[in-house]
Number of protein chains: 2
Amino acid sequence: MSIFTYKNMVMTELSRFKADFFRALAHPLRIRIVDELRSGELTVQELGFRLGAEQSTVSRHLAVLRGRGILNARKEGQTVRYSAADATLFRLLDVARTMFNHQLSELQSTLADLKHGNSR
Amino acid sequence: MSIFTYKNMVMTELSRFKADFFRALAHPLRIRIVDELRSGELTVQELGFRLGAEQSTVSRHLAVLRGRGILNARKEGQTVRYSAADATLFRLLDVARTMFNHQLSELQSTLADLKHGNSR
DNA sequence: TTCTTATATGTGAATATGGACATATTGTCA
DNA sequence: TGACAATATGTCCATATTCACATATAAGAA
């Protein structure tokens with residue numbers, strides 16, 4: 001048995017969780033849904049209106065996020081109010097935005113280098 | 001034009017970036033690749049050995065991560081050394097682990113509640 | 001009860017993803 | 001040059017994702 005095999009077995013569980021978690025976020029509409037929920041609960045309708053998407057489409061994407069434990073659903077009368085299950089989620093999205101900004105900066109300086117004839 | 005339409009147009013670019021970014025991470029092997037790179041550069045071979053995966057499989061997953069600007073590839077002789085393009089990446093994974101821990105805690109207390117007969 | 005509203009889900013078609021195998025490309029050595 | 005080593009990619013097949021439309025479920029209102 002390889003020296004790395006034990007480590008692999010331990011890492012597998014967490015890496016699968018993270019992969020499933022990221023896959024749940026791997027859609028523009030789901031990202032926007034989560035962003036809309038920064039300020040609090042919203043119903044399926046409200047989300048559909050704000051995002052300009054079909055009712056069934058929104059509902060399905062909400063089901064994905066709920067299924068991963070990313071969102072909570074609270075039924076109230078005939079409406080369902082969705083909210084983030086853990087505020088850490090927003091921190092995660094903020095970190096992703098930071099990386100986005102870094103990539104933009106790098107692109108900028110690459111362009112600047114090209115402009116000044118610096119090869120690399 | 002709906003009052004939300006302008007906002008949607010602005011949010012679309014960033015949400016697409018985030019979605020593509022998360023999709024690049026949405027695979028257990030890619031998560032493990034990134035985790036292996038916490039301590040520095042590794043070649044394709046080294047990664048394949050540590051993860052117990054086919055050479056072609058590792059190479060393809062590396063291509064996905066490189067394509068999103070998540071990893072850098074540095075060719076040195078006949079080997080290619082991969083590394084994280086931005087250390088912020090590790091912060092992101094750490095935040096994901098925090099959310100994982102929160103989910104576990106919640107599961108624990110739900111079980112404890114059940115054990116003591118508290119309905120909810 | 002019947003009608004309406006809010007939400008969820010079944011279904012089929014189009015597209016994307018992932019793995020294994022073979023092959024191509026590039027660099028090194030003799 | 002020929003043989004080898006490290007990496008990338010073409011190809012085929014199986015599976016997964018996503019959307020739109022229709023339908024199901026459930027709660028309220030008349």
Side-chain angles (χ1 to χ4, degrees), chain A residues 8 12 15-34 36-37 40-85, chain B residues 8 12 15-34 36-37 40-85:
Chain A
N8 283 350
T12 290
S15 64
R16 199 151 39 204
F17 168 83
K18 286 180 183 171
D20 288 344
F21 175 73
F22 287 133
R23 188 177 314 125
L25 292 174
H27 193 286
L29 199 62
R30 293 201 286 271
I31 295 288
R32 293 171 67 204
I33 285 174
V34 172
E36 290 291 343
L37 294 177
E41 289 185 328
L42 289 175
T43 68
V44 181
Q45 275 207 118
E46 288 166 336
L47 285 167
F49 176 62
R50 295 185 184 210
L51 304 178
E54 281 281 328
Q55 181 271 326
S56 67
T57 299
V58 174
S59 181
R60 250 190 239 282
H61 285 297
L62 286 169
V64 172
L65 293 167
R66 176 165 37 86
R68 287 292 167 214
I70 295 175
L71 298 186
N72 283 332
R74 189 170 64 84
K75 189 157 192 176
E76 190 179 291
Q78 39 184 342
T79 75
V80 177
R81 299 183 184 280
Y82 280 86
S83 58
Chain B
N8 284 351
T12 289
S15 64
R16 198 151 40 203
F17 168 84
K18 286 181 182 172
D20 288 344
F21 176 74
F22 288 136
R23 187 177 313 126
L25 293 174
H27 193 286
L29 200 62
R30 293 200 287 270
I31 295 288
R32 293 172 68 204
I33 285 174
V34 172
E36 291 291 341
L37 294 177
E41 288 185 328
L42 288 176
T43 68
V44 181
Q45 275 207 120
E46 290 166 335
L47 284 167
F49 177 61
R50 296 184 183 210
L51 305 178
E54 281 280 329
Q55 181 271 327
S56 66
T57 300
V58 173
S59 181
R60 250 191 238 281
H61 285 298
L62 286 169
V64 171
L65 293 167
R66 176 165 36 87
R68 286 293 166 216
I70 295 175
L71 298 187
N72 283 333
R74 188 169 65 83
K75 190 158 192 175
E76 189 180 293
Q78 38 186 342
T79 74
V80 176
R81 299 185 185 279
Y82 280 87
S83 58

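Just so we're clear, the structure is a prediction, and the values are computed from it rather than from any experiment. All chains are named by letter (A, B, ...) in the order of the sequence lines, taking the proteins before the strands, and each is independently numbered beginning at 1.
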Completion exercise
Here the distance between atom C1' of C/dA6 and atom CG of A/Leu47, to the nearest Å, is 13 Å
Practice task
In whole angstrom, give the distance that lies between atom CD of B/Gln78 and atom P of C/dG27.
Solution key: 10 Å
Practice task
Can you tell me the distance, in whole Å, between the CZ atom of A/Phe22 and the C1' atom of C/dT17?
Solution key: 18 Å
Practice task
Measure the acute angle between the ring planes of A/His61 and A/His27, then classify it against the limits of 30° and 60° as parallel, tilted or perpendicular.
Solution key: tilted
Completion exercise
Minimal heavy-atom distance between B/Ala24 and B/Ile70, with the atoms involved, is CB-CD1, 3.8 Å
Problem - Closest-nucleotide 5' rank along DNA chain D - winner of A/Ser56 and A/Arg30 - result: A/Arg30
Completion exercise
Atom CZ of B/Arg81 and atom P of C/dG27 are separated, to the nearest Å, by 16 Å
Completion exercise
With sequence neighbours left out, the residues meeting salt bridge (charged side-chain N to carboxylate O under 4.0 Å, His left out) with B/Arg81 are B/Glu76
Completion exercise
Under a 4.0 Å heavy-atom cutoff, the residues of residues 58-66 of chain B touching DNA chain C are B/Arg60, B/His61
Fill in the blank from the handout: Only one of A/Glu46, A/Glu36, A/Arg66 passes side-chain hydrogen bond (donor to acceptor under 3.5 Å, both in side chains) with A/Tyr82, and that residue is A/Arg66
Practice task
Answer yes or no: does a side-chain N or O of A/Gln45 lie under 4.0 Å from OP1 or OP2 of C/dA6?
Solution key: yes
Practice task
Please examine the side chains of A/Leu42 and A/Arg50, heavy atoms only from C-beta on, and report whether any two atoms are closer than 4.5 Å.
Solution key: yes
Between the protein and nucleotides 12-16 of chain C, which nitrogen or oxygen pairs come in under 3.5 angstrom?
none

Exercise for the section: Round to a whole Å and report the spacing from CD of B/Glu76 to C1' of C/dT26. Expected result: 15 Å
Practice task
Take A/Asp20 and A/Arg16 through the side chain to side chain contact (heavy atoms under 4.5 Å, CB included) test and state the conclusion after the steps.
Solution key: CA-CA 6 Å; A/Asp20 288 344; A/Arg16 199 151 39 204; 4.1 Å; yes
Exercise for the section: May I ask you to verify if any side-chain N or O of B/Thr57 is less than 4.0 angstrom from the OP1 or OP2 atom of C/dA20? Expected result: yes
Practice task
Find out whether A/Ile33 and A/Leu71 are in side-chain contact, i.e. whether some heavy atom of one side chain is under 4.5 Å from a heavy atom of the other.
Solution key: yes
Completion exercise
Whole-Å distance, A/Glu46 CD to C/dT7 C1', equals 14 Å
Problem - Side chains of B/Lys18 and A/Leu25 in contact at under 4.5 Å (non-hydrogen atoms) - result: no
Practice task
Whole angstrom is fine here: how far is it from NE2 in B/His27 over to P in D/dT15?
Solution key: 15 Å
Problem - Given DNA chain D, 5'-ward residue of the pair B/Val44 and A/Lys75, judged by closest heavy atom - result: B/Val44
Exercise for the section: Please examine the side chains of A/Thr79 and A/Gln45, heavy atoms only from C-beta on, and report whether any two atoms are closer than 4.5 Å. Expected result: no
Completion exercise
A/Asp20 atom CG is separated from D/dA16 atom C1', nearest whole Å, by 13 Å
Practice task
Using only side-chain N and O atoms of B/Tyr82, determine if any of them is under 4.0 Å from OP1 or OP2 of D/dA8.
Solution key: yes
Problem - hbond_proxy B/Gln55 side chain to D/dA6 base (donor-acceptor, 3.5 Å cutoff) - result: no
